Each structure stands twice: as structure tokens, then as C-alpha cells.
Amino acid sequence: MVDTHTRARLPRATAALALALALAASSAAAETYTFDQAIELAERTNPALQSAQAALRAAEGEKTESDAPLRNNPELSGEHRWRTTPVPGLADEKVREWQLGIAQTFEIAGQQGYRRQAAEAALAEAKENVEAVRRRILAEVEQRFFKLLALQERLALEQRSLELIENAARLTQRRVAAGEDSRLAGNLARVEAERARNQIAMLEEQLIDARSELAATLQLPQGVAPQAVGDLSTPPPAYTLRELLDAATQRPDLRVLGHRERAARGRLSLERASVYPDITVGLFTERESSNTSRERINGLSLSIPLPLFRRNEAGIGRATTELTQVEIERRRALRDARAEVSALWSKLQSLRTRVDRLAGSVLPSLDENQRLSAKAYEAGEIGLVELLLVNRQTLDARRELLEAEAELRLVQAELARAAGIPSLSGR
């Protein structure tokens, strides 16, 4: 007969067993990565970066085409005729005639220069876009890598805390069995140990998600669970706020918008110049024959369309709209970049102050209290409640420090991204 307490624990035990099996399966295919290794792998495999590089090749082809001497190819024409002329009293006269010509269309309003200007700007935009996508991917890798590293360190902290709690629980159970302590103390020890195990299980679930996110960013094969190797410590940045604000205006994505604006201006100028008609100049030679002579005719032809009904209003309107939208987007992006850098800088300073305070003053005192309380509890000088209180304070402080260090590392990475620089730790 299974009692009520045992039945209540069965679902938790089953869930814990399933989670343990999942972790064992994932750890069997685990691969460790340093931050540099993760960055290198992301640069090789990320599809967004490969797509941006493919777009660069298209822009290079457009630039090569715009560098051609003339926009339009020459047109070669030929004609061969058979003429039949009736002759009274005689058979019809049949003669052969031919014509050969070549024509070239010329743009007369500087369209070629505008087209080259737009193509050069589009090529520069594509190059900067590759770098912008690369920086965005690296920022994503950095965020997910150090999130995983923080979770791994948090799990290690909780496991060490569980060991301390279990040691205290075993000692308490011996005291309860010897009649030196109450059953209440034994129950408190068991509850505290269960809470610690539950916290570890929650962190292991979060680790599964964090590893899955990093694996997706690194394009790892299915079933491979990455593990982060590194340090959360962050040296003070070697940049000032003024330098970061100046750097933010030269971010790759902002340079992309600058080149896009220049390309839009070139396309607008091209559309306006297209109002003027192109002139087609041709040279031809032909031979005409009759029953008495053969004539050779050489000539020059000139044709020009009359822009009476189409003035390219639609093309000019689209180009004007594109330019206006890019100008608005660029102004907004510049304003947002500087505001984001200022906000992240303030947050970074606050976090660094908090980390220094926790590491420099709070933790040393709590560590000493934990050592003293463990000895005092073994000697019977304090009760379990006092011991658990000291352990809880120490664990909470270490959690706060670890969370602050992780957040500091992530904010520093975000600030580097917002300022458009590779790293805040050096020039």
C-alpha cells in the first residue's frame, strides 16, 4: 500500500527522471566552445551573413554593368530586296537590292553619370551591409553565449549550495534520531534540500533552452548541445562616453543608410534626366538597281522621340518617395543610436558599481559568517534555523553577484553593438 506522501512525490520523481535522461542524452553530444570559437563558427555558417554576401555579388555585377561606355548596345540592321519591274514588250526585269545600317542610341542628359553614381552607392551599401549583418550576428552570439555561461555558473553555485544543505540535513537527522533536536528541525532541513533540488531542476530546464538557442545561432547539427567555456568578468572599458557617442554615428548599419541615401539621390537624378529623350544616330549604305544603272546610297539618320504624353512622373515620384523615406530613417537611426548609447552607458556604470560593492564588501563578510555558523552548528552553539538563515543569505548574495556580473557582461556587449565597435575592453 502506497501512502499519500509517497504518491505525492511520484510525479516529481518521474519528472526529475525524465529531465535527467534528457540532460544525459544532450550531454553525450555536447561540444565545448570558447567565445572566440563560437564567433568564428557563426561567421562561417550563418545564413543571414551568406545572404548578405550573395547580395554583394549582385551589386558588383550592377556596378560593372554601369561602367560600360554606353547604356544601350548598338543596333545592326540589314535588308535584302528583290525588285520586279515590268518592261513593255519584254520580260519583267528582276533586280536585287540591299541595305546595311548601324544605329546607336545616346543619352543626352547625363543619365550615364547618375546611373554610375547610384551603382557605386549601392555597391558601397552592400559592402557595409555585410559588415552590419556580421556585427549583428556577433552581438547575437555574444548575448546567447554569455547567457549560457551565466546559467552554467549559476547551476554550479546551486549544486554547491545543495551539498551544504544536504550535509546540514544529515547532521540534523542524526541529532533528531539521538533526541538532541526536534522533528521540526528535521522537516526544515528536508524542505530546504528539496527546494534546492527544485532550483537545480529549473536551471537545468533553462540550460536546455539556452543551449538550443546558441546551437541554432551557430547552425550546429541537430542533437549537438554546446557548452560555453569562459569568464564573466569584464574589465573596465577603454572608451569614454564621448568616444562612444562619436563612434555610434559611424556604425555599419548607419553607413548603410548613408550609402542608401546617396544611391536614392542618384536614382532620383536619373529619373529626372530620363525626361529628356534619347537620340538615335544611324549610318547606312544601300544599293538600288534598275535596268539602266546601279546606285550606291550612303546616309546618316537621326531619330528622337517626342516626350508629349509621358514625362516619367511615376518614376520621379517613386524615386522621390524612396529618397524621403531613407532620409527620415537615417535621421531617426542617428538619434536613436546616440540615445541608446547614453542609456546603456548609464546602466553599465550602475551595474559596475553594484558588482564592485557585492564582490568587495558583502560577500567576504557572508563567507566568513558561513564558516563560523557551520562550526557553531556542529558544536551545538546555534540551531538549524540560524544556520539555514546564514546559508540563505550567502546563497542569495552569490546569486545577486552572479546575476549582476552576467547582466554587466550582456550590457557591455549591447553597448559595444550600439556604439558600433567590436569590444569595450580595448582599442
Side-chain angles (χ1 to χ4, degrees), residues 5 9 12-28 30 32 147-178 180-211 225 227-233 358-359 362-406:
H5 181 67
R9 295 184 59 183
R12 294 199 301 269
T14 303
L17 178 60
L19 179 61
L21 291 175
L23 288 173
S26 63
S27 62
T32 59
K147 176 183 176 182
L148 174 58
L149 182 60
L151 283 171
Q152 291 176 177
E153 294 193 7
R154 173 75 182 277
L155 180 59
L157 173 63
E158 297 292 344
Q159 289 171 339
R160 290 194 299 270
S161 175
L162 176 60
E163 292 176 1
L164 295 175
I165 293 174
E166 288 178 337
N167 290 335
R170 285 191 293 269
L171 181 58
T172 302
Q173 294 302 325
R174 288 198 296 269
R175 288 188 177 184
V176 171
E180 299 175 357
D181 216 333
S182 65
R183 292 179 58 188
L184 176 61
N187 292 337
L188 285 175
R190 283 195 300 271
V191 169
E192 197 70 15
E194 287 298 326
R195 291 183 62 187
R197 295 188 188 98
N198 181 67
Q199 187 69 30
I200 290 175
M202 291 174 57
L203 287 174
E204 288 173 341
E205 294 168 0
Q206 295 175 24
L207 269 175
I208 293 175
D209 293 336
R211 285 172 178 160
Q227 292 196 10
V229 178
D231 188 6
L232 285 175
S233 62
L358 287 171
V362 177
L363 272 183
S365 299
L366 290 175
D367 287 340
E368 184 179 5
N369 289 346
Q370 191 175 35
R371 289 192 300 271
L372 294 176
S373 63
K375 293 179 180 179
Y377 183 69
E378 291 176 359
E381 298 175 357
I382 62 174
L384 179 63
V385 175
E386 290 85 353
L387 177 64
L388 293 179
L389 176 61
V390 174
N391 287 341
R392 178 66 59 82
Q393 286 182 340
T394 305
L395 177 60
D396 288 344
R398 289 192 177 279
R399 285 174 181 167
E400 292 174 4
L401 176 59
L402 183 57
E403 290 173 358
E405 287 178 337

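Keep in mind that what you see is a predicted model, and the values were worked out from it rather than measured. Atom set for the values below is all heavy atoms of this structure, side chains included, hydrogens, waters and symmetry mates excluded.
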Could you tell me the separation between the [atom1] atom of [X] and the [atom2] atom of [Y], rounded to the nearest 0.5 Å?
X      : Y      : atom1 : atom2 : result
Met202 : Leu207 : CE    : CG    : 12.5 Å
Leu203 : Asn198 : CG    : CG    : 9.5 Å
Leu151 : Asp209 : CG    : CG    : 9.5 Å

Salt-bridged, Arg197 to Glu194, with N to O below 4.0 Å? yes
Are the charged groups of Arg399 and Glu403 less than 4.0 angstrom apart, N to O?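 Looking at Glu403 together with Arg399, the answer is no, because their closest N to O distance does not fall below 4.0 Å.
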So, for [X] and [Y], which heavy atoms are closest and what is the spacing to 0.1 Å?
X      : Y      : value
Ala196 : Leu162 : CB-CD1, 3.6 Å
Arg211 : Leu148 : CG-CD1, 3.5 Å
Leu149 : Ala228 : CD1-O, 3.8 Å

Show your working on side-chain contact (heavy atoms from CB on, under 4.5 Å) between Gln199 and Arg154 and close with a plain yes or no. CA-CA 10 Å; Gln199 187 69 30; Arg154 173 75 182 277; 3.1 Å; yes
Any heavy-atom pair between the side chains of Leu402 and Leu232 that's under 4.5 Å? yes
For residues Gln152 and Lys147, determine if any side-chain heavy atom of one lies less than 4.5 Å from a side-chain heavy atom of the other.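 Sidechains of Lys147 and Gln152: no contact.
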